[in-house]
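Below: one structure, written as structure tokens.
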Amino acid sequence: VFGKDINLILILNNLSSDHKTVKVDISASSVLYTRRAVAEILKANTSVDLGSKQGKHIRLKIPYAYYGKYLTTDKRIQVTALCEVMHMHGVKLLVEKTIILEDTNIIIKIPHRVVVNKAATLEISYANPLPEPVDHCVLLVTLMNQQVKIHLARLAPRERSRIYFEFTPRRTGPLQLQVDFSCDKFSHVKGFVTIAVAPA
């Protein structure tokens, strides 16, 4: 989840009966959805001794403090581990994993029944998932082809807050609501909901 530390485990198994030493070079970078690297976040290397038929785990932790300022709006991190078996020329294995960090900080609650030409109130809650405060918070609400920009108070670390938004639907049928939350530390965290508008 965006704002939390990332914990990974690389599992190495020696399937042969011979003792092996494996050199592991690990790197992590923020990437775009096209997989193009933007910034290197972490580099680490280690060496692992594997006995006959033995398996070992390598744990990797990427703290938020390492990746936070390098993330793009795609919120993707690519981790690669190049594993080289020592004394066996040319035996290498590349392991790749792309991590997409989830946003969980927009929750939209709609009334049980929304009726045409009658005022309805939505509850929109938003959160700061980071271990640091955020400022310049803005919520952009798009509904019925109109956008409303709402400036919000700063949020403390891990704080959740809510606003109430009133609207009057002018036609029956499905209505799309989009919420876009931005602040000085991250931007374009989106929430969507479809509202079913009933006849009067």
Side-chain angles (χ1 to χ4, degrees), residues 1-107 126-137 155-160 178-192:
V1 176
F2 176 59
K4 301 270 180 76
D5 295 346
I6 299 166
N7 292 292
L8 301 168
I9 298 174
L10 176 67
I11 302 169
L12 296 176
N13 286 312
N14 179 6
L15 302 178
S16 76
S17 53
D18 301 324
H19 173 274
K20 286 184 169 55
T21 301
V22 182
K23 181 171 163 255
V24 184
D25 289 313
I26 299 171
S27 68
S29 300
S30 61
V31 293
L32 300 173
Y33 73 95
T34 57
R35 291 172 59 104
R36 186 169 74 81
V38 175
E40 189 171 81
I41 294 168
L42 180 79
K43 239 182 153 28
N45 53 61
T46 187
S47 189
V48 180
D49 287 318
L50 295 171
S52 168
K53 311 286 186 187
Q54 188 182 19
K56 283 191 178 175
H57 292 188
I58 298 173
R59 295 182 185 276
L60 178 70
K61 183 177 183 177
I62 308 175
Y64 166 74
Y66 283 26
Y67 73 78
K69 60 180 178 283
Y70 296 116
L71 272 191
T72 68
T73 52
D74 292 336
K75 295 187 176 65
R76 289 171 187 252
I77 294 172
Q78 184 156 313
V79 181
T80 61
L82 181 63
C83 307
E84 184 179 357
V85 182
M86 305 306 287
H87 314 302
M88 290 182 68
H89 300 297
V91 179
K92 292 181 181 179
L93 174 69
L94 181 68
V95 180
E96 285 188 327
K97 182 167 182 64
T98 302
I99 299 158
I100 303 170
L101 297 170
E102 292 178 19
D103 291 317
T104 56
N105 52 347
I106 297 277
I107 299 168
Y126 51 95
N128 171 15
L130 307 183
E132 56 188 334
V134 295
D135 222 330
H136 309 300
C137 302
L155 289 171
R158 314 277 188 215
E159 183 185 1
R160 178 169 285 281
Q178 179 181 316
V179 177
D180 188 312
F181 178 61
S182 294
C183 63
D184 61 340
K185 301 283 195 315
F186 55 87
S187 60
H188 304 304
V189 175
K190 296 181 188 296
F192 301 90

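Side chains included, hydrogens not; waters and symmetry mates left out as well; all remaining heavy atoms used.
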Taking atom OH as the centre, does Y33 end up with more than 12 heavy-atom neighbours from other residues, nucleotides or ligands that are less than 6.0 angstrom away?
no
Return the minimal non-hydrogen interatomic distance between C83 and L10, and the atom names on each side.
SG-CD2, 4.2 Å
Any chance OH of Y70 has more than 12 other-residue heavy atoms, nucleotides or ligands included, within less than 6.0 Å?
no
Can you give each donor-acceptor pair under 3.5 Å made by side-chain atoms of residues 49-61, sequence neighbours left out, with the distance rounded to 0.1 Å?
unit_1, atom_1, unit_2, atom_2, d
D49, OD1, T21, OG1, 2.8
K53, NZ, L15, O, 2.9
Q54, OE1, G51, N, 2.6
K56, NZ, D49, O, 2.8

L12 side chain reached by V24 side chain, heavy atoms, under 4.5 Å:
yes
With a 4.5 Å heavy-atom cut-off, do V38 and R76 have their side chains touching?
no
Inter-residue atom distance Q78.CD - I100.CD1, 0.5 Å rounding:
11.0 Å
Taking the side chain as every heavy atom from C-beta outward, state whether L8 and I99 have any atom pair closer than 4.5 Å.
yes
Out of curiosity, Y67 OH to I62 CD1, how far, rounded to the nearest 0.5 Å?
9.0 Å
Do V189 and P129 have side chains that approach each other closer than 4.5 Å (heavy atoms only, starting at C-beta)?
no
Can you tell if the side chain of N128 reaches within under 4.5 Å of the side chain of C183, non-hydrogen atoms only?
no
Keeping the roles fixed (side chain from S182, backbone from H188), state whether a donor-acceptor pair exists under 3.5 Å.
yes
Heavy-atom closest contact (I77 atom, A28 atom, distance):
CG2-CB, 4.3 Å
Looking only at heavy atoms, which two atoms of P157 and P133 are closest? And how far apart?
CG-N, 3.7 Å
How long is the gap from CG on L101 to CG on L71, to the nearest 0.5 Å?
6.0 Å
Is there side-chain contact between L130 and F186, with at least one heavy-atom pair below 4.5 Å?
yes
side-chain contact (heavy atoms from CB on, under 4.5 Å) evaluation trace for V179 with Y126
CA-CA 10 Å; V179 177; Y126 51 95; over 6 Å; no
Quick check: does any side chain N or O of D184 sit under 3.5 Å from a backbone N or O of D135, one acting as donor and the other as acceptor?
yes
Hey, could you give me each pair passing salt bridge (charged side-chain N to carboxylate O under 4.0 Å, His left out) that has a residue in residues 17-39? Not counting sequence neighbours.
K23-D25, R35-E96
Sub-4.5 Å side-chain heavy-atom contact between S29 and E40:
yes
